[in-house]
Student: 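Below is the structure I would like to discuss, written out as structure tokens.
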Number of protein chains: 4
Amino acid sequence: MVTYENNKIFGLQIAYIGGGSRNWARTLMSDLAKNQDLNGTVRLYDIDHEAAKINAVLGNRIPEDNPGVNGNFYYIATETLEEALAGADFVVISVLPGTFNEMASDVHTPEKYGIYQPVGDSTGLGGTIRALRTLPIFEEIAKGVEKCCPDAWVINYTNPMTVCTRMLYKTFPGIKAMGCCHEIFGVRDFFADMYCDVNNVPRGTVGRYDIDITVTGVNHFTWITKARYHNIDLLEMAKAYAKEKMAIPFDDAPLDVSGENWENMKTVMKRQHHFVKMDLLLRYGALAAAGDRHLAEFCPNHWYLGSPENVFNWGFGLTKVAYRAKQRRDRLELSQRLYSGEEKFTIEPTGEEGSHLIHALLGLGNFVTNVNIPNMGQIPDLPIGAVVETNAFVSTDSLLPVCAGPLPKDLKSLIEPIVACQEMIVEAVQKKDLSLAFKAFISDPQNNLSLADSKALFKEMCDNTKEYLTMYPEYQK
Amino acid sequence: MVTYENNKIFGLQIAYIGGGSRNWARTLMSDLAKNQDLNGTVRLYDIDHEAAKINAVLGNRIPEDNPGVNGNFYYIATETLEEALAGADFVVISVLPGTFNEMASDVHTPEKYGIYQPVGDSTGLGGTIRALRTLPIFEEIAKGVEKCCPDAWVINYTNPMTVCTRMLYKTFPGIKAMGCCHEIFGVRDFFADMYCDVNNVPRGTVGRYDIDITVTGVNHFTWITKARYHNIDLLEMAKAYAKEKMAIPFDDAPLDVSGENWENMKTVMKRQHHFVKMDLLLRYGALAAAGDRHLAEFCPNHWYLGSPENVFNWGFGLTKVAYRAKQRRDRLELSQRLYSGEEKFTIEPTGEEGSHLIHALLGLGNFVTNVNIPNMGQIPDLPIGAVVETNAFVSTDSLLPVCAGPLPKDLKSLIEPIVACQEMIVEAVQKKDLSLAFKAFISDPQNNLSLADSKALFKEMCDNTKEYLTMYPEYQK
Amino acid sequence: MVTYENNKIFGLQIAYIGGGSRNWARTLMSDLAKNQDLNGTVRLYDIDHEAAKINAVLGNRIPEDNPGVNGNFYYIATETLEEALAGADFVVISVLPGTFNEMASDVHTPEKYGIYQPVGDSTGLGGTIRALRTLPIFEEIAKGVEKCCPDAWVINYTNPMTVCTRMLYKTFPGIKAMGCCHEIFGVRDFFADMYCDVNNVPRGTVGRYDIDITVTGVNHFTWITKARYHNIDLLEMAKAYAKEKMAIPFDDAPLDVSGENWENMKTVMKRQHHFVKMDLLLRYGALAAAGDRHLAEFCPNHWYLGSPENVFNWGFGLTKVAYRAKQRRDRLELSQRLYSGEEKFTIEPTGEEGSHLIHALLGLGNFVTNVNIPNMGQIPDLPIGAVVETNAFVSTDSLLPVCAGPLPKDLKSLIEPIVACQEMIVEAVQKKDLSLAFKAFISDPQNNLSLADSKALFKEMCDNTKEYLTMYPEYQK
Amino acid sequence: MVTYENNKIFGLQIAYIGGGSRNWARTLMSDLAKNQDLNGTVRLYDIDHEAAKINAVLGNRIPEDNPGVNGNFYYIATETLEEALAGADFVVISVLPGTFNEMASDVHTPEKYGIYQPVGDSTGLGGTIRALRTLPIFEEIAKGVEKCCPDAWVINYTNPMTVCTRMLYKTFPGIKAMGCCHEIFGVRDFFADMYCDVNNVPRGTVGRYDIDITVTGVNHFTWITKARYHNIDLLEMAKAYAKEKMAIPFDDAPLDVSGENWENMKTVMKRQHHFVKMDLLLRYGALAAAGDRHLAEFCPNHWYLGSPENVFNWGFGLTKVAYRAKQRRDRLELSQRLYSGEEKFTIEPTGEEGSHLIHALLGLGNFVTNVNIPNMGQIPDLPIGAVVETNAFVSTDSLLPVCAGPLPKDLKSLIEPIVACQEMIVEAVQKKDLSLAFKAFISDPQNNLSLADSKALFKEMCDNTKEYLTMYPEYQK
């Protein structure tokens, strides 16, 4: 039971599930250390118990490594999930089931059949298989929460975010859970930067939070249907800018991505080209709010993917899992250096909203931000109960979505098939029914294979991750 | 077209419709004068053109009467509605159709048949007749907005608020309108005061905005289904407090309002007894967020009204229209004294949110507050399109409701009949169909008369206000 | 498992629950005997085992008493519910919990407070208390069906029909149940007779099944929103007829029931005056399809009830329970005479659809009739799951409602409060929560008492039937 | 105004729109001549006025050519649409906009890009372009009906049926229209034949109408979710039969269509193999109720199409438009021979339900059949207003759908994208917005092209039919 004193909170209990790969765990620890009005205990649980222990050591060493920062949280690694959850006020989830071997199969096995995935974790063929091995863990966590801390708020950072969050609610309908993702911040920055560039004022003159946006859709395929700064319609500004800089002859034309005019655009958009985003904007009149690599995966395969050449023409890349593995090794090495004391664990601003959410839910200041929660009417023409992403009002022990209103017919035609596949996947895991999962696999907009090829590919991908599929009858030992 | 300079706004155009009875007009003028970052013109239109002219004079005299206050707005009275509306960025509506004669008929004629109304303006028999003469004006205003300023934001303060706001949307579906009411602030204050009393800290230690509430229902029959301060459930606190102070033996018992235990309660609740509110809380588990006089009118007649004795026992009064007429005369005399210069028009904090809304809609800082707008899913089990009251997120050129979720079955059974009557009244006015209005009249929870008596009473009440009903075939000259 | 031979069915197993009061049981037995293409066993279960045994004897004596009628069914009385249900293909329910003492309390106790009920079994104060003691039995039956014959079709004839049928689905959502009521046949006859009278052709020239009707609403408060014979709009004909014969000056006027013109009307309408039905028709444009005594109870108390005088003026009667008790004694005496052989059990056409439904569900000929089943969209603006009455298509192992479309706003305002109370009552019984039942009691359109009187009356009525309420905590021994 | 005499109808007025290609017109004329209880006038309107005149001559010659058949209808060709519609009781539509040149483009132009369409008229790329030139005609017809015969019943036989029928309602919401299609009869025959084969009884022992089915979906992609004969579950029988005859190892396996076991199956299924239908049945548990050629077009392109080889393996053919043109020439020659008197116009049973519908709507006997009408709740999880195909109850002046209940998640995932495209196409035509039509084109499950190829193909296909697209800004002269 937390106590309040002078707007400070004591006795807060946080369970942190996963994070063995360290990055997210250190982000949260930094975040908490920055917010000295929160005080309490963080219990770290990870399948890799050693990793959790290292994180605990690092967390407890923060005051030492950062002069002037008090040790407001005590970190402890637990051996079981239940120990971590018991009595928690908040549960933070960031798990990565399987190794890079399984991830490599998710992303690269479909390439044998000509299906290229730039990310492969949120949707599409890779996302489906990843869900098959990830969702059972969320089932277990939800059961744990129901048993050990039914009133806790659960903040999930794991991908595939929509189905992970949905699984929590399917398993324990009374859970108070949300999926949190920071891709939306990127689109806020994009608008702010564009505005500054167009008006010839220094970037930063207008910032992320000066922009007001209406958010609708599903995670990584979220759409901004209205964006305003003062009395400026930023969607119109973006359309005009894209067209002017690219000399596109017709409003509804797909972008001519072969031309040179994009060079100007690039300066607006930093390292990313945003060709996919702009093409969708000019066609649908709304801005898709995730990186192009994500967006391409949610659209029909033939639009922006299909071949490495087409991907290249649309200006984004296919991230190889080998690259991710390398990143992870770097992080592990950093972790070791921190642990050994070779390097200090210096906390820095993280840009994440984790502690902001905790503050608001504890009654220290409400705010509106985008979250992923079950549809209770915020998008009235998507199925009730499906997890969707919109703005939400976060206040004392309360998280209520802001209505986004009905989807325009054309956006609906893009988002609906994604939701349909997600609903099938979650039900497939709940019922341990791989044939239903296969229906999601063959209905996915990414899939353009014959039924025979689909069947072979599905089997190969499942086999590659079979160690994590032992809860399905087909893979029971 | 407004311009922005250093977070100040210039060239703002506000149309103020009504306000000839001065109170609201002066409130708005005070509010605007306090907010020196807004600058522009207010065009005042009232059927009583002289009253509008006096208001304009008073408005323009503000800098003179209030040293240190700049004249950020220029006030002008227009002779037509269209002149006021043309090019407006905001339209504020506060009209009072008819005189106190008509209002007296609304409130007191039903007393002949044993129906007592403490207010008679929002719902019930009086509210129905008031709607018949008021809604045609909102039809006219909506048409004017569509023609003269279709992008303007329209803020309505007029009662019956729900049906007035609904009429605006029925007439011009593209309108950006809301009904604003401050009754909810009262309930926030109630919670804050109770918390302080229970914890023996001075009132004000916890304030109105420290409380987070979930709001659902229709105006003047709005319900708080969750209320929190820090980790305190304020609804549970209120229930315990009411029971402890009143020694009510069973949770579901109607309050024993004859006892003496209420004396303690009264000190919490200032001048109001809140017996009705507490009785509903103990029975329904949610707090009805309006004055008891309003609440009693939305419930079945036999619960809290029925006879002056029953009203007395429930601890509230039946406001006589004569008293209102007196109040108005006082306001008119004050107005004259201000106009003549006998007294100064000193601006003071108003507690109203009018200029706060304007700021947010212009992009100077978003916030969440309760408003009355058409249901787009915020209360998923009330009809789509019906005007309901919930929290809403107000941001740049955007007003989106916060989902309140489905109504509990028992609250739904109370609110649904009200919505049904409101929908019939609005359609009756739209179609100029008095027989449909009569169906609303006989289905109103306030009405417990025989059909013959209902018919006689309806005719008498309509006849008493016939001067304002000339748009209905029965009263065409 | 039934077998088919030359469109005859053998081995059919029917469980008959209740019927100890004999009337319904004999009706079913007659019905089955008339349909010699059905063959099998009927297992009779009644709390009054002797009564069931008598019925079995009578059933088995049919061939003897009716020359030319083969004994196609064997009747047997079982000692337990489960024996009756085990392996049943059809379950027929017609139970009467309590004695006439309890029924007398339901109907007459409210008269102390000025509330007069002409029937008191379907809705209103009496219907609510009757539901409290009846629904637990339906819970038990539903559990039995789930356990003993989950695929059986369940046909319920018990009042209050809506909530009884709803309880079956609440308890065992997979049940295949329907509530059947013949009041609609009366309105078909009414239309046919009226048509013949207006056209001066002998009654019977146009018959019950020549009329096509659209049915919507809830049982005993069902509405005919369209009625046709050939190209004649029978609703318009009825309106014209009522007005012409009664010289009503305005379309929307309540009927002048004091006049003499009704005399002509009576000849059309046989023994019933139909004043309430006609008044509703002229006001709402649709024909309410139940006897006036039922209809009056579903409308606000003050419309057609309120006092014996008002009831008299509206041309219907208040059936005393003593009269019902007398009827029952007559039936029991008849039963004894049949049992002793003093009188023969001669089967006759019954006009009931029981065996017709059985035929259709077994695949011997589909048809459309009105039934009471959960709303799955047939009335899109009433809550999904609530039991409603519309036409339905009955075919092989299938019962699917015919869409009635959205309710007009004015009818919705009448039906919605009824549904709201019914939903609360069922939930109250499911949760054994008398305080929720009390909320239904005070929200019922029949109730116009003060809260204090309501509370006293509710307690008295519950006490009077307490022997049957031992499943509620308040009455547990 | 029709009159009734001895259950015969006189003075019936039917407008027949289209039919210049003669086949449908002669079918209707045969149908009407067979039903001598209907009498009246048929007014024939076709863009090809000569063809209409020939049809009129043939119609009026029926009594001469068919001894014993009275001339119950008089046929007349009108020069304008309005002349045909004025005062009509029924309007029958069967139009074919464009020539076989346009149809050839619809079907064969996409083959350049590897997209093969077996039919190309209902959905997919060909269906989309066909809709663009057909729907404006339905707009015109709907306006004509509103003006000339607003109470007429409109029966549409034209493809693409769903969007044509939807366009009628979009243009004149009060229209009483339905789309009628006989594909469902085929599936009834399939079940009946299979049952007979399995039970070794002669085909015909059980017939089309002995089978009861639940119908849901959209035209040509309709699904049978329940099928019964007596107490036999015909879906289970079909699954077992397919598996037994084909030795498929696992329930959820795609059919092995390379094997020889299909040979047995073929004898059941006459000329059609039904491989697609069986594959869908084994995967989804429901029977898709249209020819495999249609079904393949509604599924993702890669499932059953993709290449002529895949099509061949799945056992159906790609109908060439040249073949259709040949068929039409044959029909025209026959028409000429009939006109010249060289051959007699002998009427024969048609198997169509046209006159059956007319009978029922006129009050001569109600029945249940499958029709295409706007969703009013019959499929509660598809959008309200979208045209769907379910059973419906046809009775006097009334057509009301039978509820099919919610779609299973997996079927929904197949049907929803089709509905989304259809809704976009209809809106595109209504708004004359080719860019919205293009969005439907690129979201169609048939389309697996890059955006650039899609754009080129869309333009080529539109250009090929540009003569009929002059109502779109891009093709205005």
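In this text the structure is predicted, and so the values were computed from the model without any measurement. Lettering of chains follows the sequences in order, A, B, ..., and the numbering in each one begins at 1.
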Student: Please classify the contact of C:Pro401 with chain D as side chain, backbone, both or neither, using a heavy-atom distance under 4.5 Å.
Tutor: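 The answer is both parts of C:Pro401.
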Student: Knowing that exactly one of D:Thr214, D:Val402, D:Ile213 qualifies, which makes a side-chain contact (heavy atoms from CB on, under 4.5 Å) with C:Ser398?
Tutor: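 Single pass found, and it is D:Thr214.
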Student: Could you grab the distance from atom CD1 of C:Ile232 to atom OH of D:Tyr4, nearest 0.5 Å is fine?
Tutor: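 Rounded to the nearest 0.5 Å, the CD1-OH separation comes out at 8.0 Å.
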Student: Of the backbone (N, CA, C, O) and the side chain (C-beta and beyond), which part of D:Asp233 lies under 4.5 Å from a heavy atom of chain C, both, or neither?
Tutor: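 Neither part, no heavy atoms under 4.5 Å.
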Student: With a 4.5 angstrom heavy-atom cut-off, could you sort out which part of C:Asp151 is near chain D: side chain, backbone, both or neither?
Tutor: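 For C:Asp151, neither part sits under 4.5 Å from chain D.
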Student: Tell me, side chain or backbone of C:Leu400 under 4.5 Å from chain D's heavy atoms, or both, or neither?
Tutor: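 Both parts, backbone and side chain.
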Student: Can you tell me how far the OG1 atom of D:Thr396 sits from the OH atom of C:Tyr229, to the nearest 0.5 Å?
Tutor: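 Separation between the atoms: 9.5 Å.
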Student: How would you list, by chain and number, every residue that makes a side chain to side chain contact (heavy atoms under 4.5 Å, CB included) with C:Asn375, sequence neighbours excluded?
Tutor: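 Only C:Gln378, C:Ile379, C:Leu382, C:Ile384, C:Val388 meet the side chain to side chain contact (heavy atoms under 4.5 Å, CB included) criterion with C:Asn375.
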Student: I'd like to verify something: which residue of D:Ala392, D:Ala227, D:Gly377, D:Gly405 has the highest number of heavy-atom pairs under 4.5 Å with chain C?
Tutor: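 Top option by heavy-atom pairs under 4.5 Å: D:Gly377.
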Student: Among D:Lys226, D:His230, D:Arg228, single out the residue with the greatest number of heavy-atom pairs under 4.5 Å to chain C.
Tutor: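 Winner by heavy-atom pair count: D:His230.
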Student: Side-chain contact test, heavy atoms from C-beta onward, threshold under 4.5 Å: evaluate it for C:Asn366 versus D:Asp212 and give yes or no.
Tutor: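 Side-chain contact under 4.5 Å: yes.
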Student: For the atom pair CG (C:Leu399) and SG (D:Cys403), what is the distance rounded to the nearest 0.5 Å?
Tutor: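 Spacing of CG (C:Leu399) from SG (D:Cys403) equals 10.5 Å.
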Student: Suppose we screen for ring pair (Phe, Tyr, Trp, His ring centres under 6.0 Å). Which residues come up paired with C:Tyr169, at least two apart in sequence or across chains?
Tutor: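 Ring pair (Phe, Tyr, Trp, His ring centres under 6.0 Å) list for C:Tyr169, sorted by chain: empty.
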Student: So, C:Asp397 and D:Asn231: side-chain donor and acceptor under 3.5 Å apart, yes or no?
Tutor: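 Looking only at side-chain atoms, D:Asn231 and C:Asp397 do not form any donor-acceptor pair under 3.5 Å.
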Student: Can you tell which part of D:Leu364 gets under 4.5 Å to a heavy atom of chain C, answering side chain, backbone, both or neither?
Tutor: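 Just the side chain, heavy atoms under 4.5 Å.
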